[in-house]
Structure formats: C-alpha cells, structure tokens
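Let me give you the structure first, and then I'll get to my questions.
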Amino acid sequence: MPELPEVEVTRLSFEARIRGATVLSASLGKPLRWPLGIATAQLQGQVVQAVRRRGKYLLIDLNEGLLLVHLGMSGSVVFADTLAEAGKHDHFDLLTTQGTLRLNDPRRFGAVVFAPSEADAIAQKLLGRLGVEPLGDGFDAATFYQALQQRKTAIKQVLLAGEVVVGVGNIYASEALFLAGIRPTTRANRLSRPRALRLKAAIRQVLALAVEKGGSTLRDFSNAQGESGHFQEGAMVYGRQGQPCRVCGTAIKGLRQGQRSTFFCPQCQKP
DNA sequence: CACGGATCCTGATGGC
DNA sequence: TGCCATCAGGATCCGT
C-alpha cells in the first residue's frame, strides 16, 4: 500500500499529537519482517521527541534511540486515545500518555525496529543505501541524470528500486512516467538530459499532489486518524488498463515489469 | 556490481 | 463453509 505520500500523510496525521508523549508500555503481536531488536519493556519511560520520515520509513525519535516503522505492502497506523483490543492483524501497540499508536499489517511485510541511534548499524542497514528524498533540496536534475546514465534497466524499475530516488512505488512510478511522457520500458541510460529533467519535475509534482490528496486508498489505506486518501480518483494511468487516456483518448496499456503491474499511454509516452 | 527472479504473508477476486 | 490460480501499495536476498 504505502508509498512516500501515504507514509508522509500518516506522519502528518499524528506527529503533533504524539510529540512529547511518554511511553507507558509496548506490545507485539505476530512477528513482522524483522525483530524489534529490543525488549518492549525497555521502551517504557521514553519520550517521543518527533516523528520524521526517510523514504518509506517513519522514524519515531525517542529521547534515547528511535523506532523505525515500515508499513510494507499492507500496513497502516492509527493513533487514538483509546483503541479496541488488538485484532488478528494488529502487530504492534505503543501505549503513551497521549494515546496509543497501533500498527495493523495483514501481510506482515512491514517492520518496527529499534535503533540506539540513526548512525547505528541496525539503522544504517535499513536506511544506508536509500536514494535522495524526492521532495527535498537534494533532488537535483544534474545528479539525477548522471545516476540514470549508469543504469541499463527499464526506468520504471530504477525508480522502484529506491537507490537513486526514494519513495516512488508502483502507483506513482506509472503516474510520474505518464506526466513526463516517458515509456516505463525505456532504459534509464537512454534518457536525454531534458527528459531526465522532465521526469524529475514529474516525480515531485505527482508525489506532492498525492500528499495533498491524502495519499491513495486502493483497498484499505487510511491515515492515523482513519481517513482515506483520494489521489486514486484522479490517476491518469494506474489501474486504468483498457480505459481511454485522459489526455488523448488512446486505450491505456498494461504490462508486467519485474512481477509488478505497469500502466502507460502508448500515444502520450514515448520510448 | 548491476540485473532478474524468487521469496516473505494474508486476503480478495474471478474462473471453473 | 468449493477449489484453484492470480494478483495486491515493498524490499531483500541470491545466483549469474
């Protein structure tokens, strides 16, 4: 489910409410992708300093260390004063003086990991190889172009890999490539400088719009206040195979790249 | 080291 | 309360 916009929308929906809260207790359900890396009891008494985001990770800063939360494919978070008893897909609860943070994740591809600091090996294993933040100042066209020049893979897969630029998942990769007029199958190193520049702008535009729209709710995404996203209602290509392009009317095509579905307009997007 | 494929897990959906 | 195959927003690991 969650790509950068959903994670950012989630962060924005509870950061102010949880900041300054003291952890009363923590509990785990079924195993997630990785072990927590600390006994839950050791979180007790810690104070939440801030909630940041890096790529698709939520970083919950504590006075000593931080929690790295990843939503995987099907994860979502709620933060509320009182919550019902944990259900079968609720796998992490953080009870605080200001409310309970709960991770629900049916497929359990997500994770909650404690690291003593962001520089620690545990954190670096997860964050160390991540590419640049697409909505930050570090995302500049020259560096982006140069990075693409070194990859022979299809541009869509380069975006998904997250080593050049983070946060662009399966929905927004298709959407950004549409906006930039680039076929998803085009090899990254075949993109001209102007086209790379156009793609860079398209990525920023798509992700920023998606954050504004509250993310995409395809099936069950909701932010920490239980609100759905609405980006998907205006999607240009994602999930629209066979339907007319909103720009030129040509039927949207679908294909598979690396076991992921891709959508594009054969008229508007050039190889 | 860049690339492609298999893999983790559960649930929804559609064809038979 | 059928069964089976396929697909789903992610990312790592493992051969080549």
Side-chain angles (χ1 to χ4, degrees), chain A residues 1-11 28-35 53-58 68-77 87-92 103-113 122-131 146-177 184-190 203 206-207 210-211 213-223 228-233 235 237-242 254-263:
Chain A
M1 142 183 77
E3 305 180 34
L4 182 149
E6 289 73 31
V7 177
E8 179 65 6
V9 163
T10 297
R11 186 185 77 80
L28 289 165
K30 286 186 190 172
L32 293 164
R33 181 161 193 168
W34 295 296
R53 181 190 54 73
R54 176 74 176 101
K56 297 172 189 169
Y57 286 91
L58 285 170
L68 294 87
V69 179
H70 197 291
L71 302 180
M73 204 81 138
S74 58
S76 62
V77 146
K88 67 189 287 199
H89 299 310
D90 296 325
H91 305 304
F92 180 76
L103 174 67
N104 179 276
D105 184 4
R107 293 178 74 179
R108 290 188 282 130
F109 289 173
V112 182
V113 173
I122 295 244
Q124 280 307 301
K125 186 181 178 204
L126 303 181
L127 307 176
R129 298 193 56 197
L130 296 183
Q146 281 166 21
L148 296 187
Q149 285 298 104
Q150 294 171 268
R151 313 271 176 150
K152 294 178 187 163
T153 317
I155 181 61
K156 194 223 176 192
Q157 300 195 243
V158 171
L159 295 180
L160 283 187
E163 289 169 359
V164 174
V165 56
V166 293
V168 184
N170 209 36
I171 299 176
Y172 303 114
S174 280
E175 293 296 311
L177 287 165
T185 46
T186 305
R187 313 252 159 204
N189 62 346
R190 302 290 297 277
I203 289 169
V206 163
L207 295 180
V211 172
K213 296 280 185 185
S216 294
T217 298
L218 295 188
R219 166 168 287 137
D220 53 9
F221 169 74
S222 57
N223 68 25
S228 296
H230 297 280
F231 177 90
Q232 73 283 358
E233 293 154 17
V237 290
Y238 186 84
R240 299 194 65 243
Q241 183 171 359
L255 54 83
R256 304 216 114 229
Q257 289 177 287
Q259 294 129 276
R260 313 298 302 280
S261 58
T262 299
F263 304 90

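Protein chains get the first letters and strands the later ones, always in sequence-line order, with residue 1 at the start of each.
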Exercise. Between A:Lys152 and B:dC3, does any side-chain N or O lie under 4.0 Å from OP1 or OP2?
Worked result: no
Exercise. Hey, is the side chain of A:His70 poking within less than 4.0 Å of OP1 or OP2 on C:dG10, counting only N and O atoms?
Worked result: no
Problem set entry | Separation of atom CD in A:Glu8 from atom C1' in C:dG9, rounded to whole Å | 17 Å
Exercise. Quick one: are A:Leu207 and A:Glu8 in side-chain contact, heavy atoms under 4.5 Å?
Worked result: no
Exercise. Within the structure, does a side-chain N or O atom of A:His89 lie under 4.0 Å from either OP1 or OP2 of B:dG11?
Worked result: yes
Seminar exercise, completed: Taking B:dT10, C:dG10, B:dA12 as options, the one with an atom nearest any side-chain atom of A:Arg260 is C:dG10
For this session: Measure from CZ on A:Arg129 to P on C:dG10 and round the result to the nearest Å.
Result: 18 Å
Exercise. Got a minute to check which stems DNA chain B is part of, using Watson-Crick or G-U wobble pairs under 3.5 Å, three or more consecutive?
Worked result: B:2-8 with C:10-16, B:10-16 with C:2-8
For this session: Could you tell me whether A:Arg219 contacts a base, only the sugar-phosphate backbone, or nothing, with contacts defined as non-hydrogen atoms closer than 4.0 Å?
Result: base
Seminar exercise, completed: In whole angstroms, the gap separating P of B:dT10 from CZ of A:Arg108 amounts to 4 Å
Problem set entry | Nearest-nucleotide pick for A:Tyr238, side chain only, options being B:dG11, C:dG9, C:dT12 | C:dG9
For this session: Look at A:Lys88 and B:dG11 and indicate whether a side-chain polar atom (N or O) is within less than 4.0 Å of OP1 or OP2.
Result: yes
Seminar exercise, completed: In whole angstroms, the gap separating P of C:dT12 from CD1 of A:Ile122 amounts to 14 Å
Problem set entry | hbond_proxy A:Gln259 side chain to B:dA6 base (donor-acceptor, 3.5 Å cutoff) | yes
Exercise. Rounded to the nearest Å, what distance is computed from the CG atom of residue A:Asn104 to the P atom of nucleotide B:dG11?
Worked result: 11 Å
Seminar exercise, completed: To the nearest angstrom, the CZ-P distance between A:Arg187 and B:dG4 comes to 7 Å
Exercise. Over how many whole Å does the gap from A:Met73 atom CE to C:dG9 atom P extend?
Worked result: 5 Å
Problem set entry | N or O in side chain of A:Thr153 less than 4.0 angstrom from B:dC3 OP1/OP2 | yes
Exercise. Contact class for A:Gly169 vs. all strands (heavy atom < 4.0 Å): base, sugar-phosphate, or nothing?
Worked result: sugar-phosphate
Exercise. Which part of the nucleic acid, if any, lies within reach of A:Phe231 when heavy atoms closer than 4.0 Å are counted: base, sugar-phosphate only, or nothing?
Worked result: nothing
Seminar exercise, completed: note: A:Tyr57, atom OH; C:dT12, atom C1'; distance rounded to Å ~ 9 Å
